[in-house]
Colleague: 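Before anything else, here's the structure in question.
As the structure is a prediction and not an experimental result, all values here were calculated from the model. Computed over heavy atoms, backbone and side chain alike; hydrogens, waters and symmetry mates excluded.
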Amino acid sequence: MAVRQPRYSKEEFAQRGDALYNSQIRSQVEEGNTGKIVAIDIETGAFEVADDIVNASEHLLAKYPDAQTWFIRIGHSAVYHFGARSLRDR
């Protein structure tokens with residue numbers, strides 16, 4: 001199994017992933033999917049929605065094995081939250 005290497009800096013990953021989500025993907029996935037994960041290939045714009053990162057990633061990589069994947073949690077500012085407050089409290 002080949003190890004996939006990132007082709008972009010962390011900053012460019014975030015910029016490209018957020019731009020794709022906000023300009024093309026958000027309107028397609030937001031309604032009724034709050035809290036779910038979107039896995040986005042930042043090179044092709046392809047995406048998959050699932051309940052968790054593992055399933056979203058597996059579905060995207062099945063179609064695009066060389067995907068450069070960015071994750072977003074629908075309706076939240078971060079995929080994970082650390083600390084005392086739950087994501088549901090927001």
Colleague: Assess the residue pair Ile25 and Ile72 against the criterion (side chain to side chain contact (heavy atoms under 4.5 Å, CB included)); give the C-alpha distance rounded to whole Å, side-chain angles, the decisive distance to 0.1 Å, and a yes or no.
Modeller: CA-CA 11 Å; Ile25 299 168; Ile72 292 178; over 6 Å; no
Colleague: Testing the basics here: between Ile40 and Gly17, what is the closest heavy-atom pair and its distance to 0.1 Å?
Modeller: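 The answer is CD1-O, 3.9 Å.
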Colleague: So, for Leu61 and Ala67, which heavy atoms are closest and what is the spacing to 0.1 Å?
Modeller: CD2-CB, 3.9 Å
Colleague: If you compare all heavy atoms of Ile37 against all heavy atoms of Asp51, which two are closest, and at what distance to 0.1 Å?
Modeller: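 Scanning both residues, the minimum pair turns out to be CG1-O, 4.3 Å.
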Colleague: Indicate whether any N or O donor in one side chain lies under 3.5 Å from an N or O acceptor in the other, for Trp70 and Asp41.
Modeller: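 Asp41 and Trp70 do not have a side-chain donor-acceptor pair below 3.5 Å.
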Colleague: Do you know which two heavy atoms are closest between Ala56 and Ala50, and how far apart they sit?
Modeller: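 That closest heavy-atom pairing would be N-CB, 3.4 Å.
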Colleague: Side chain to side chain donor-acceptor pair (under 3.5 Å), that's the test. Do Gln15 and Tyr8 meet it? Break it down for me.
Modeller: CA-CA 10 Å; Gln15 180 183 24; Tyr8 302 92; over 6 Å; no
Colleague: Find out if a path of hydrophobic residues (ILVMFWY) with successive side-chain heavy-atom gaps under 4.5 Å connects Val49 to Leu60.
Modeller: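 Hydrophobic grouping puts Val49 apart from Leu60.
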Colleague: Which atom pair, heavy atoms only, marks the closest approach of Asp52 to Asn55?
Modeller: OD1-N, 2.8 Å
Colleague: Let me see the working for Tyr64 and Thr69 under side chain to side chain contact (heavy atoms under 4.5 Å, CB included), right down to the final yes or no.
Modeller: CA-CA 10 Å; Tyr64 300 90; Thr69 311; over 6 Å; no
Colleague: One pair to check against side chain to side chain contact (heavy atoms under 4.5 Å, CB included): Val38 and Phe71. What are the steps and the verdict?
Modeller: CA-CA 6 Å; Val38 181; Phe71 298 97; over 6 Å; no
Colleague: Checking salt bridge (charged side-chain N to carboxylate O under 4.0 Å, His left out) for the pair Arg7/Asp66: CA distance, chi angles, key distance, verdict?
Modeller: CA-CA 11 Å; Arg7 293 187 283 274; Asp66 200 32; 3.2 Å; yes
Colleague: Let's go through Ile42 and Phe13 carefully: what are the C-alpha distance in whole Å and the side-chain angles of both, what is the deciding distance for side chain to side chain contact (heavy atoms under 4.5 Å, CB included) to 0.1 Å, and is it a yes or a no?
Modeller: CA-CA 7 Å; Ile42 64 167; Phe13 246 96; 3.8 Å; yes
Colleague: Without swapping roles, check the side chain of Arg73 against the backbone of Gly35 for a donor-acceptor pair under 3.5 Å.
Modeller: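 Yes.
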Colleague: Under the salt bridge (charged side-chain N to carboxylate O under 4.0 Å, His left out) rule, what do Arg16 and Glu43 come out as? Steps first, then yes or no, please.
Modeller: CA-CA 8 Å; Arg16 292 175 72 124; Glu43 293 182 321; 5.8 Å; no
Colleague: Kindly indicate whether the side chain of Glu48, heavy atoms from C-beta on, has any atom under 4.5 Å from the side chain of Lys63.
Modeller: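 SC-SC contact between Glu48 and Lys63 confirmed.
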Colleague: What's the spacing between Ile74 CD1 and Asn33 CG if we round to 0.5 Å?
Modeller: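 Separation between the atoms: 4.5 Å.
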